[in-house]
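Data first, discussion second: the structure below is written as structure tokens.
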Amino acid sequence: MAYTNYSSLNRAQLTFEYLHTNSTTHEFLFGALAELVDNSRPDLRGGFMLCFLDDGTGMDPSEATHVIQFGKSSKRFPESTHIGQYGNGLKSGSMRIGKDFILFTKKDDKLTCLFLSRTFHEEEGLDEVIVPLPSWDVKTQQPLTQDTEKYATETELIFKYSPFKNEEQLFRQFKRIEGPSGTLVVVYNLKLMDNREPELDVETDHQDILMAGTPVEGVKPERRSFRAYAAVLYIDPRMRIFIQGHKVRTKRLSCCLYNPRMYKYTSTRFKTRAEQEVKKADHLSKLAEEKAREAESKARALELKLGDDLSKEARAALRKAQDSAVALRAEATRKQAIHASKQKALKEPKELNFIFGVNIERRDQDGMFVYNCSRLIKMYEKTGPQLEGGMACGGVVGVVDVPYLVLEPTHNKQDFADAKEYRHLLRAMGEYLAQYWKDIGIAQKGIVKFWDEFGYLSANWNSVPSNELRFRRRRAMEIPVTIQCDKCLKWRTLPFQMDAVDKRYPDSWVCLMNPDGNQDRCDAPEQKQNLPIGVLKKDIKSSEDKQKDLSEKIRQQQEKLESMQKTTTVKSAADIKRLPLDVGTKPAEERTPQRAAPRPRSPPLPAVVRKVVSQPQVAKTPPPKATPPSRPTRTPPAPPPPSKAKSSPAPATKATKPAAKPVAPPPPTKTPARRSVTQSRATTVSSRIYSNFKPWVPNPGPGDLPTYLINCIIDKGIQVEAKVNGEWFTGRVTAVETGKESVRWKVKFDYVPMNTPRDRWVFKGSEDVRLMRPASPESRSPDTNQGPARSVTPPTAAEPDTTQSGPSRETTEGLVTMMRTLLRYFFPPDFRITKDSVNTMSAEDLVAFPIFKTQLRPPWNRFNLWAAGDGFIEPAV
């Protein structure tokens with residue numbers, strides 16, 4: 001068929017390349033589906049084409065031509081609350097889903113068919129967008145056009161490039177529009193993925209449309225299931241949506257949340273859209289003024305020209321000119337009034353309603369839902385304390401409906417045109433979100449206890465709640481069922497019934513089925529949701545409070561400075577020689593420094609040894625349970641001179657036994673016996689590693705090192721609640737300080753009010769801090785304990801720790817690295833392994849490996865010790 005045969009057909013006011021470019025605006029495929037749902041009812045037929053059936057007002061032939069004009073929309077005016085404003089959704093949405101679509105519409109006893117096909121244009125090699133648009137009379141089914149040649153060309157193209165091959169099949173589609181008006185859109189030749197499968201999966205769930213290739217875990221349901229997305233697509237749905245013939249149970253989000261609360265927000269910051277409307281109104285008023293002046297000038301000129309001519313024709317012409325001038329003057333006055341009102345409204349603050357509530361059904365599905373003219377634009381937007389990644393404000397969902405004059409959405413309705421003002425909106429929602437979190441008092445009562453009450457027994461935030469009947473009933477008691485009548489489309493809140501938990505309601509539910517006698521008929525008024533009103537309370541600190549905060553900051557800085565002065569950084573072997581590394585049992589003033597015999601050179605310090613204590617400490621020897629016969633002290637022989645060749649150090653040979661006989665042990669005294677040089681060196685090296693965990697713990701026993709390291713590392717990263725100004729706030733332990741009699745935690749808070757320090761030092765076990773750990777099923781009481789500090793043994797792989805929130809991945813990796821370092825520098829005598837073997841050991845292997853092997857000969861464990869400057873040393877036994 002030649003190109004010239006299409007000269008009489010309708011042409012779209014856009015280029016063929018634009019069809020593809022416009023379709024690419026939809027990165028989110030469900031957003032393209034939503035464009036067709038905005039005024040339709042989806043009903044899938046088969047796996048090769050999508051059908052969207054709308055029982056609305058439909059279109060006549062002249063209105064159908066607007067579909068192929070970009071930007072032509074009957075809803076495009078500033079005060080509109082309609083969803084569409086651009087006249088682009090049908091084109092962009094359908095072209096994103098497939099290559100072709102055909103539209104059937106009915107209105108005023110007229111049938112119209114519109115056919116837009118990229119396949120047709122590609123095969124015919126057309127540059128312009130040709131759109132066949134035939135129409136018929138409903139009763140006679142005869143064409144409404146007198147141009148038989150044009151009609152024949154249009155229908156021939158439809159029969160050739162569409163799924164419908166004759167007039168009978170076309171009229172069968174019109175019959176699917178059962179009422180006097182409506183529209184049916186059929187999208188076919190769906191786009192495929194690289195594996196030649198459709199992007200939309202209609203086979204896995206025959207009641208849904210799924211995003212093909214999208215995993216279940218880690219993906220929000222609205223981004224995988226079109227049924228879930230359609231359920232929240234509108235803030236107050238007043239329509240019925242069917243997918244694959246099954247009705248979607250739409251939601252009003254504010255009715256699906258625990259403890260919802262509304263906050264009124266006003267701001268003068270949203271001016272971009274209002275300024276655009278003022279400029280547009282000013283331009284239109286000026287044009288109307290020019291037209292009115294021109295009409296008035298013509299009327300006066302005509303009046304002067306006619307003069308005394310009183311003929312009928314002259315009077316009619318003059319009256320017509322004068323009426324036109326009057327009408328145009330009235331139009332100019334009206335548009336000037338619109339401009340003035342918009343100019344005045346520009347200075348007035350815009351008011352929005354923020355609604356917040358807790359999603360107790362799935363706490364990991366939280367964030368802000370932002371609607372525009374009741375249509376969902378953005379979902380699961382994190383803001384305020386939720387950006388910190390802690391438990392503060394976790395599980396809270398926010399809802400806001402933004403008018404068109406406040407924020408303008410983009411063409412694909414997946415974002416907002418003014419990114420700066422949208423960010424301001426999110427910041428404002430974050431402030432009110434923090435206020436809501438404070439108002440409902442979850443943090444003060446205990447976050448873990450709150451979630452534990454609704455069945456969240458796992459420390460994993462993304463875990464689903466328990467499916468036990470008692471927890472399902474508990475959640476159902478807090479969230480009453482709100483359902484829409486299939487007939488009158490009014491929303492009804494059903495009274496709670498114990499036997500109705502998890503009940504599935506029919507698609508055709510009507511008011512008559514309502515057990516509430518006051519709401520069991522369609523003529524009963526719809527009850528409005530009674531939401532408490534919250535108020536944003538900004539913290540205004542007194543001068544006394546500010547002085548306290550300043551003093552606290554100064555104290556923290558002084559502590560940091562003192563800790564820095566007590567430590568020094570080891571950068572070279574020369575720095576090591578200058579450090580007082582010998583640690584004995586007598587006070588420093590009683591010890592006489594002796595120059596030790598030269599030792600072989602050793603490799604540099606391991607990475608874990610970064611800081612060492614600059615002052616010697618007094619070691620405490622724990623008293624043994626029984627005093628065995630003592631042996632004479634051995635004097636280690638002088639080591640051989642170092643060899644120039646590089647080789648792994650070998651253990652020192654045992655010293656020969658002295659000739660003296662064993663002496664009976666002396667009676668116990670307050671002054672502990674002096675330990676051997678080897679034992680002091682062992683404690684010295686232990687002290688070096690201890691010093692990596694500030695502050696230094698004096699005089700550790702070699703066997704205590706693993707427990708100390710585990711205690712320090714395992715505490716870092718745990719979730720706690722700390723009291724600040726009489727209120728509890730959640731946070732994580734970011735640093736640990738161990739003293740002689742106490743342990744201090746540095747807690748970084750998830751969220752605190754303004755002008756309050758974001759972190760604070762607290763004593764472990766004090767009344768100002770408590771662990772956030774879920775209670776076991778047998779004991780459901782919250783953990784407010786805090787007894788003395790206890791040693792923590794890391795759980796094995798077979799027995800996971802379920803009594804407290806586990807350490808973070810960084811903490812675990814740090815512990816594994818430390819354990820590997822220990823194995824490289826503390827070799828049990830019966831387990832000689834190479835360093836390379838240590839580096840490949842897993843966390844489970846490290847936990848099971850005996851670092852210190854207890855011998856039968858007390859009082860000391862037998863071990864080989866190697867560290868910088870010490871070589872291999874075997875302690876006296």
Side-chain angles (χ1 to χ4, degrees), residues 71-88 234-236 262-297 324-355 368 370-375 377-378 398-411 413 415-432 435 528 531 533-538:
K72 187 72 172 182
S73 173
S74 59
K75 298 173 284 187
R76 189 177 178 84
F77 52 93
E79 292 79 12
S80 173
T81 57
H82 290 76
I83 297 168
Q85 291 284 338
Y86 304 102
N88 185 49
Y234 306 107
I235 196 170
D236 186 16
M262 179 187 292
Y263 295 81
K264 294 187 177 297
Y265 166 69
T266 57
S267 175
T268 57
R269 290 285 299 272
F270 302 105
K271 293 183 177 181
T272 301
R273 183 61 194 165
E275 289 174 350
Q276 293 175 355
E277 290 297 329
V278 168
K279 291 180 180 178
K280 182 179 178 181
D282 182 42
H283 176 68
L284 293 177
S285 67
K286 290 179 178 178
L287 288 179
E289 177 66 21
E290 291 178 3
K291 291 181 179 179
R293 290 178 181 176
E294 185 178 353
E296 290 171 346
S297 177
S324 176
V326 170
L328 290 174
R329 172 53 61 188
E331 179 69 12
T333 303
R334 187 181 69 85
K335 291 190 176 182
Q336 288 172 357
I338 293 175
H339 174 249
S341 64
K342 288 186 176 182
Q343 185 69 42
K344 181 180 178 181
L346 182 63
K347 301 177 182 179
E348 297 176 354
K350 307 296 186 299
E351 182 176 292
L352 300 174
N353 292 327
F354 296 156
I355 299 176
M368 305 298 108
V370 185
Y371 291 79
N372 177 261
C373 295
S374 298
R375 163 66 149 80
I377 305 296
K378 303 287 284 187
V399 183
V400 62
D401 188 17
V402 183
Y404 181 68
L405 279 177
V406 174
L407 281 178
E408 178 183 9
T410 54
H411 287 174
K413 300 188 184 75
D415 208 340
F416 288 95
D418 195 312
K420 182 179 179 181
E421 291 192 349
Y422 175 62
R423 289 195 299 268
H424 172 70
L425 172 67
L426 288 182
R427 284 195 297 270
M429 294 190 76
E431 294 178 2
Y432 282 81
Q435 181 66 52
K528 294 184 178 180
L531 294 175
I533 305 298
V535 179
L536 179 63
K537 301 174 183 177
K538 294 186 177 180

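On a predicted model such as this, the values are computed, not experimentally measured, just so you know. Hydrogens, waters and symmetry mates are skipped; everything else that's a heavy atom, side chains included, is used.
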> Which heavy atom of Lys413 sits nearest a heavy atom of Arg375, and at what distance?
Replying inline: O-NH1, 3.7 Å
> Given side chains that start at C-beta, do those of Tyr422 and Val370 come closer than 4.5 Å, heavy atoms only?
Replying inline: yes
> How far apart are the C-alpha atoms of Leu425 and Glu421, what are their side-chain angles, what is the distance that settles it, and do they pass the side-chain contact (heavy atoms from CB on, under 4.5 Å) test?
Replying inline: CA-CA 6 Å; Leu425 172 67; Glu421 291 192 349; over 6 Å; no
>> What's the separation between atom CD in Glu408 and atom CD1 in Ile377, rounded to the nearest 0.5 Å?
In response: 11.0 Å
> Listed by chain and number, what are the salt bridge (Lys or Arg N to Asp or Glu O under 4.0 Å) partners of Asp415, not counting sequence neighbours?
Replying inline: none
>> I want to check something: taking the side chain as every heavy atom from C-beta on, are Tyr234 and Asp401 in contact at a cut-off of under 4.5 Å?
In response: no
> Would you say Asn372's side chain and Leu407's backbone share a donor-acceptor pair under 3.5 angstrom?
Replying inline: yes
>> Looking at every non-hydrogen atom in both residues, tell me the closest pair between Val402 and Leu352 and how far apart they are.
In response: CA-CD2, 4.3 Å
> Atom OG1 of Thr268 and atom NZ of Lys350: how far apart are they, to the nearest 0.5 Å?
Replying inline: 8.5 Å
> In Å, rounded to the nearest 0.5 Å, how long is the span from CG of Leu284 to NZ of Lys280?
Replying inline: 6.5 Å
>> Lys335: which residues meet the salt bridge (Lys or Arg N to Asp or Glu O under 4.0 Å) condition with it, sequence neighbours left out?
In response: Glu331
> Between Val278 and His339, which heavy-atom pair has the shortest distance, and what is it?
Replying inline: O-CD2, 3.5 Å
>> Once side-chain hydrogen bond (donor to acceptor under 3.5 Å, both in side chains) is applied, do any residues pair with Arg427, and if so which ones, sequence neighbours excluded?
In response: none
> Within the distance-only criterion (no hydrogens, no angle test), does the side chain of Gln435 pair as donor or acceptor with the backbone N or O of Lys537 below 3.5 angstrom?
Replying inline: yes
>> Are Met368 and Lys378 packed together at the side-chain level, in the sense that at least one heavy-atom pair is separated by less than 4.5 angstrom?
In response: no
> Quick one: CD on Glu275 to CD on Gln343, what's the gap to the nearest 0.5 Å?
Replying inline: 9.5 Å
>> Applying side-chain hydrogen bond (donor to acceptor under 3.5 Å, both in side chains), can you list everything that pairs with Tyr371, at least two apart in sequence or on another chain?
In response: none
>> Among residues at least two apart in sequence or on other chains, which ones pass ring pair (Phe, Tyr, Trp, His ring centres under 6.0 Å) with His424?
In response: Phe270
> Which pair of heavy atoms, one from Asn353 and one from Val400, lies closest together, and at what distance?
Replying inline: O-CG2, 3.6 Å
> Quick one: CD on Gln276 to CG on Leu405, what's the gap to the nearest 0.5 Å?
Replying inline: 10.5 Å
> Atom CE of Met262 and atom CD1 of Ile355: how far apart are they, to the nearest 0.5 Å?
Replying inline: 4.0 Å
I'd like a table of donor-acceptor pairs (distance under 3.5 Å, sequence neighbours excluded) in which one partner is a side-chain atom from residues 286-293, with atom names and distances.
unit_1, atom_1, unit_2, atom_2, d
Lys286, NZ, Asp282, OD2, 3.4
Glu289, OE1, Arg329, NH1, 2.8
Glu289, OE1, Gln336, NE2, 2.9
Glu289, OE2, Arg293, NE, 3.0
Glu289, OE2, Arg329, NH1, 3.3
Glu289, OE2, Arg329, NH2, 3.3

